[in-house]
Every structure is written in C-alpha cells, then in structure tokens.
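Just so it is clear, the model here is predicted, and its values are computed rather than measured. Worth knowing before you read on, the calculation uses all heavy atoms, side chains too, and leaves out hydrogens, waters and symmetry mates.
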Amino acid sequence: MGPTVPPAPPPPPPPPTKDPAGELGRILRYWAGNLRHCALTPGDESASYDSEYREVGRRRVDGQAE
C-alpha cells in the first residue's frame with residue numbers, strides 16, 4: 001500500500017459583489033418574476049441565487065393564517 005495523499009483544500013470563495021444593492025435588486029426582481037410559478041402552499045421552498053449562481057437565501061412557506 002502506497003502513501004496516503006491528503007485531499008486537496010477547497011477553492012477559495014469568490015470575491016463579494018462590487019454592488020451589493022444592485023445584486024440584491026437583481027435577485028429580488030428575478031424572485032418576484034418567478035413567484036407565479038411557485039405553489040405558495042405550506043412546505044413550498046426554493047433557493048435564491050446571485051449572479052455567480054451561489055445560493056444566497058431561501059424562501060419557504062411555513063403556513064397560512066386562517
């Protein structure tokens with residue numbers, strides 16, 4: 001049996017966006033435009049992604065008022 005090679009370290013994270021407010025606006029516009037395709041029933045959940053396709057948040061429907 002040969003020597004054990006340690007796993008490679010993960011790549012560094014990408015740098016943060018230079019325009020956080022603009023990026024948030026883009027994320028929210030995309031989310032709002034896609035909302036009509038969501039079930040919006042308890043248990044419905046989806047992720048939100050930035051322009052680098054990194055998950056930056058989640059939307060979940062926990063329940064509805066009666």
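Residues P42 and G63 come closest through the heavy atom pair CG-CA, 3.9 Å.
Residue L28 shares its hydrophobic cluster (ILVMFWY side chains chained together at separations under 4.5 Å) with L24. Hydrophobic cluster membership for I27: V56 (Ile, Leu, Val, Met, Phe, Trp, Tyr linked by side-chain heavy atoms under 4.5 Å, directly or transitively).
Both L40 and W31 belong to a single network of hydrophobic side chains, linked directly or stepwise wherever heavy atoms of I, L, V, M, F, W or Y lie under 4.5 Å apart.
Among residue pairs with one or both ends in residues 5-29, those qualifying as salt bridge (charged side-chain N to carboxylate O under 4.0 Å, His left out) are E23-R26; sequence neighbours excluded. Annotation: salt bridge (charged side-chain N to carboxylate O under 4.0 Å, His left out) contacts involving residues 42-51, sequence neighbours excluded, comprise D44-R59, E45-R58, D50-R54.
When the side-chain contact (heavy atoms from CB on, under 4.5 Å) test is applied to Y30, no partner is found at least two apart in sequence or on another chain.
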